[in-house]
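As structure tokens, the structure follows; a few thoughts come after it.
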Amino acid sequence: MPTAPAPLREATELLLDRHEQIDRALAERLAGLPDEDLPQLIQLAHQVRLALMGPAVEGEAIISAKTGGCPEDCTFCSQSARYTTEVVREPMLPTAQLVDLARETKAMGGTEFCIVVAVRGPDERMMRNVIDAAQAIRESVDIEVAASLGLLKEGQAERLAAAGIHRYNHNLEAGPRFFPQICTTHSFEDRVQTCRMVVDAGMELCSGGIFGMGETWDDRLDLAFTLRDLGAREIPCNFLNPRPGTPLGDNDLMRPLDALRCVAVYRCVIPNSVLRYAGGREVVLRDLQAYGMLAGANGLIVGNYLTTLGRSAEADLAMLADLGMPVAEQPLTGTHGMRTIPLQPA
Ligand code: SF4
């Protein structure tokens, strides 16, 4: 067996032997390893995931409860009203339909049902609709409810938490240097502020990004360390699936090996959060999807994404069975199932 490269040896000692976090400099060296060392990086990330989170995989369904017509100008997003895309605007789904969809998610093995709406932020009517839906779901389905409603104002996070919404999704999407290139109608700091409100209100923060938009590895690491500092408990890893009609519609797909490297490096930087394989994995990773589950990912969006089709939940469950990875019966973060080996800042 060849000796592992120095960055891998150092990261192994810190993460697995000493249970300490890696710093930015070491993360940069891991990200810069040549392709021939990628299998060893993937192996390390998988060991870190098993040691700190266990073998189970968290399944979640995201439901677009209100689709399209968003006033913001995020260049990757087919739900922006500023671009002519295939997305058809749909008003808010009624509560009864959301309850039925939550029930279906539970039947597919999902532990969490996330209500997503395409808006800059929720107005009072939207807040009331989502709170009513969350309460109705919690009364009739044994599933955790999450929400993704955009930028929050003072007091809104507390109301959502009081309605029993245990986790709030607000992706930072990219690092602070790159963010102005993908959105001009709100700032990176606006998004960070909402993330802080979520944590302060006692909800778990779900926040991640999209890889393959033209960002550098510095940008990806800026995002990773910001998410770690914010205490994100779930990190969706999306890969750009260029949507026709959006400014990024003609972008090339990222290399599958780079996508795997993103997952593995994120697992090493953020060892004890759920890394959720999210949008774009089918088109970017294709036959390599299962490798992502061996590269540190321990969450899956099951079923369809907000505006694109995912593969079937049955196909994902078969993949997990083949990998010997059980589906978690409860969310893996928060008070459930988290292996609390404390990590000290490096
Ligand atoms: S705020 Fe959200 S829904 Fe609106 S354009 Fe940006 S990513 Fe799309």
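First listed ligand is number 1; within each ligand, the first listed atom is number 1. What you see is a predicted model; the values in this text were computed from it and never measured.
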Numbered atoms of ligand 1 (with element) below 4.0 Å of F76, judged on heavy atoms: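 Those atoms are 7 (S).
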Checking Y168 against L205 for the side chain to side chain contact (heavy atoms under 4.5 Å, CB included) test, could you report, in this order, the C-alpha distance in whole Å, the side-chain angles of both residues, the deciding distance, and whether it holds? CA-CA 5 Å; Y168 191 86; L205 173 64; 5.7 Å; no
Residue pair P122 / M127, side-chain heavy-atom distance below 4.5 Å: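 The answer is yes; the side chains approach within 4.5 Å.
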Within the 4.5 Å heavy-atom criterion, are Q43 and L294 side-chain neighbours or not?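 Q43 does not reach L294 side chain to side chain.
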Starting from atom 2 (Fe) of ligand 1, what is the nearest protein heavy atom, named by residue and atom, and what distance separates them?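 For this ligand atom, the closest protein heavy atom is R191 NH2, 4.5 Å.
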In sequence, state the C-alpha distance, the side-chain angles, and the governing distance for E124 and R128, and then conclude on salt bridge (Lys or Arg N to Asp or Glu O under 4.0 Å). CA-CA 6 Å; E124 183 52 31; R128 281 204 295 265; 3.4 Å; yes
For Y277 and F239, take the angle between the two ring planes, folded into 0 to 90°, and tell me which bin it lands in: parallel under 30, tilted 30 to 60, perpendicular over 60.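 Ring orientation of Y277 relative to F239: perpendicular.
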Shell of protein N/O/S atoms around atom 4 (Fe) of ligand 1, taken as anything under 2.8 Å: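 Within the sphere that stays under 2.8 Å of atom 4 (Fe) of ligand 1, the protein atoms of type N, O or S are C70 SG.
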CG/D142: more than 12 non-hydrogen atoms of other groups inside 6.0 Å: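 Check fails, neighbour count at 12 or below.
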Presence of salt bridge, R177 and E215, under 4.0 angstrom: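 Salt bridge absent between E215 and R177.
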